[in-house]
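Here's the structure we're looking at; comments come further down.
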Number of protein chains: 2
Amino acid sequence: MSTAEKTEILPTDIATETRQAPKRVRRSAEEARRLILDAAEKRLATQGPEGIRLQDIARDVGISHPAILHHFESREGLVRALIARTSAQFRDKMLGALQDRNGHQLEAGELIESVFEALSDRGTARLLSWMMLTDRLTEATSSRALMTEISNAIHSRRVKEAEKNAAPTPDREDTMFMAMLTANAAFGDAIIGRHLAEEAGLDHDGIIRFRRWFAQLLAEHAEHHDHQRKD
Amino acid sequence: MSTAEKTEILPTDIATETRQAPKRVRRSAEEARRLILDAAEKRLATQGPEGIRLQDIARDVGISHPAILHHFESREGLVRALIARTSAQFRDKMLGALQDRNGHQLEAGELIESVFEALSDRGTARLLSWMMLTDRLTEATSSRALMTEISNAIHSRRVKEAEKNAAPTPDREDTMFMAMLTANAAFGDAIIGRHLAEEAGLDHDGIIRFRRWFAQLLAEHAEHHDHQRKD
DNA sequence: GTAGATATTGACAATCATGTCAGTATAACA
DNA sequence: TGTTATACTGACATGATTGTCAATATCTAC
């Protein structure tokens, strides 16, 4: 059985008798790119940046590694495409969180929760921070003015709320700082949160409590300014 | 001049006439290790993780790359040593910030500022986040219970403050959350802060304002709880 | 069916980084 | 001054990974 098939049989025999149908799978370019990106993303999430190796990813998908190069030009092209896709997904999640499915706007606490949630996915956090570490901001054009956009949306709510309470109009920068703090904190949480929580002896509930606590902190801050006060 | 020295002269001649003293630099093991770590740190800061290549670092120091292997066993050994050193430095900075040079304790705002400051150094932030991204927490034993330690120090101050004001004793978890938030925010700031600030159109002063704003936010929160209130 | 486009492959090339080794130079010490 | 320990080097081995190329299989359109 060992050598029979390949050494004994002549080319003609191969063509006529022995040769089983090659059954090569052929996907659409789009489908192939998707599968490759999925595999790359998973590798990045589980093994970190060095886990993105063409051979390994090819094996995961069940193709040969030149196929990846065919679809993405180079390894760098693959990385760029992965960053672009993840950034876009993240952006969609964030913008989606601004309005729930009924078109209602989420309240601040839920919004904060969704920021943490979107980043807590291991792959996303790792990809974004890797992107920062390697100076690849360029390809993330899709999330360019994301924070400003969100900040503006929140600010207009605050202004309304303040008007309703006959309170002084909140400072735009104050809102921007709230957004920045949330972004920073969620990002930091995604990377060292687990470590810090473990060190502090916090279980899963503790982590949830922390997020609630943070949302509450910001809520109190906003209330303090946007509701009328005697001073 | 081109070939004269090396091709025409026989070994004996080399030994007697032409040979200039080899003047090989020989440092103490400690000194050599320090120089190598310095170079590696600089590479990491400017070029990211992939910048740590034995040949490049060797060239920076002015030695051959096997010399690095001689001192650190392997590339991985170098990375571990670098992580260990940076973690230890970070820890020292943090613990030092708890008490200024007069033995006085820094107040909260200054403490927060120093956390951000310590991490804003590009090398430190990059190294620590790279450490997280690649699951190398192990070698950072020196900063094991750092946050807990700091949190405890701050908490004891809060308790005193509350006693002084005849306010209810603050919750230990509340203080822990303040510490966690600060750590998360400083960490996130170190990685995406520059990007966010740019997007928001903040200049350097704006960044400083943000940190002050954050310190103020926490201060207000603590005051709100630790000073006696009518409710 | 035939033809053209292209997704896919195996084999190979080229580069590059880590690590090994035997030998050399230098400092410390007797 | 001679001996020893070891920091250091050049040349080479090794292995891994990206990238190239010609050939092949499969799909779509005519």
Side-chain angles (χ1 to χ4, degrees), chain A residues 5-7 11-12 14-16 18-40 43-44 47-82 134, chain B residues 5-7 11-12 14-16 18-40 43-44 47-82 134:
Chain A
E5 303 167 336
K6 289 203 169 182
T7 55
T12 45
I14 294 180
T16 53
T18 325
R19 181 180 213 161
Q20 62 261 39
K23 278 280 171 65
R24 186 194 277 182
V25 194
R26 184 192 169 109
R27 283 153 280 251
S28 74
E30 196 190 15
E31 169 93 357
R33 287 174 61 96
R34 214 201 68 230
L35 292 175
I36 294 168
L37 286 175
D38 287 347
R43 286 264 168 191
L44 177 66
Q47 307 186 344
E50 288 104 8
I52 297 193
R53 273 177 303 229
L54 299 187
Q55 311 248 25
D56 295 347
I57 295 173
R59 200 178 327 116
D60 293 345
V61 182
I63 59 178
S64 66
H65 87 268
I68 299 180
L69 292 169
H70 171 71
H71 287 289
F72 295 95
E73 304 278 288
S74 64
R75 182 199 128 104
E76 184 61 24
L78 170 63
V79 169
R80 278 211 241 275
L82 182 57
T134 52
Chain B
E5 302 167 340
K6 289 204 166 178
T7 55
T12 44
I14 293 181
T16 53
T18 323
R19 183 179 209 159
Q20 61 259 41
K23 279 280 172 63
R24 185 194 278 184
V25 195
R26 183 191 168 108
R27 284 154 279 252
S28 74
E30 195 189 14
E31 169 95 355
R33 288 174 61 96
R34 214 200 70 230
L35 291 175
I36 294 167
L37 286 176
D38 287 347
R43 285 264 168 191
L44 177 66
Q47 308 186 343
E50 287 102 13
I52 298 193
R53 271 178 303 229
L54 299 188
Q55 311 247 25
D56 295 346
I57 295 173
R59 198 177 330 115
D60 293 344
V61 182
I63 58 178
S64 67
H65 87 268
I68 299 180
L69 293 169
H70 171 69
H71 287 290
F72 295 97
E73 304 278 287
S74 64
R75 182 199 128 104
E76 184 61 25
L78 170 62
V79 169
R80 277 212 242 275
L82 181 58
T134 52

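Treat the numbers as computed from the prediction; the structure is a model and nothing was measured.
In this structure, CZ of B/F72 is placed 11 Å from P of D/dC8, rounded to the nearest angstrom. When rounded to the nearest whole Å, the span between CD1 of B/I63 and C1' of C/dA25 equals 16 Å. In this structure, the CD atom of A/E76 is 17 Å from the P atom of D/dT17, given to the nearest Å. In this entry the distance linking CD1 of B/I52 with P of C/dG19 reads 13 Å, nearest Å. Across the protein-nucleic acid pair, A/R53 atom CZ and C/dT15 atom P stand 22 Å apart, rounded to whole Å. Between the P atom of C/dA13 and the CG atom of A/L69 lies a distance of 18 Å, rounded to the nearest Å. Following rounding to the nearest Å, B/I68 (CD1) and C/dA17 (C1') show an atom-to-atom distance of 12 Å. Taking atom CZ of A/R27 as the reference point, atom C1' of C/dT6 lies 14 Å away to the nearest angstrom.
Expressed to the nearest 0.5 Å, how far CD1 of A/I57 lies from CZ of A/R59 amounts to 10.5 Å. The NE2 atom of A/H71 sits 6.5 Å away from atom CD1 of A/I63, with the distance rounded to the nearest 0.5 Å.
Under the side chain to side chain contact (heavy atoms under 4.5 Å, CB included) criterion, B/L37 pairs with B/F72, B/L78, B/A81, B/L82, B/R85, not counting sequence neighbours. Qualifying side chain to side chain contact (heavy atoms under 4.5 Å, CB included) partners for B/E50, counting only residues two or more places apart in sequence or in other chains: A/W130, A/T134. Every residue two or more places apart in sequence or in another chain that forms a side chain to side chain contact (heavy atoms under 4.5 Å, CB included) with A/S64 is listed here: A/P66, A/A67. Residues passing the side chain to side chain contact (heavy atoms under 4.5 Å, CB included) test with A/E31, sequence neighbours excluded: A/R27, A/S28, A/R34, A/L35. Remark: B/R43 engages B/D56, B/D60 in a salt bridge (charged side-chain N to carboxylate O under 4.0 Å, His left out) (not counting sequence neighbours).
Using a 4.0 Å cut-off, some side-chain N or O of B/R75 falls inside it from OP1 or OP2 of C/dT18. For the OP1/OP2 pair of C/dA7 and a distance below 4.0 Å, the side-chain nitrogens and oxygens of A/R24 include no atom meeting the criterion.
Both B/G62 and A/E73 sit near DNA chain D, but only B/G62 has its closest nucleotide nearer the 5' end.
Annotation: proximity of residues 54-61 of chain B to DNA chain C (heavy atom, distance under 4.0 Å) is found for B/L54, B/Q55, numbered in ascending order. Using a 4.0 Å cut-off on heavy atoms, the residues of residues 32-40 of chain A that approach DNA chain C are A/A32, listed by number.
Heavy atoms of other residues, nucleotides or ligands lying less than 6.0 angstrom from CD of A/E30 number 12 at most.
Residue B/S28 is classed as having no contact, given no heavy-atom separation below 4.0 Å to the nucleic acid.
Between A/L69 and A/S74, the closest heavy-atom pair is CD2-CA, 3.7 Å. Contact record, B/Q55 with B/H65: OE1-ND1, 3.9 Å, taken as the closest heavy-atom pair.
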What protein N or O atoms touch nucleotides 3-6 of chain D N or O atoms at under 3.5 angstrom, if any, and at what distances?
unit_1	atom_1	unit_2	atom_2	d
D/dT6	O2	B/R26	NH1	2.8
D/dT6	O2	B/R26	NH2	3.2

Kindly give the atom pairs (protein nitrogen or oxygen, nucleotide nitrogen or oxygen) under 3.5 Å for nucleotides 11-14 of chain D.
none

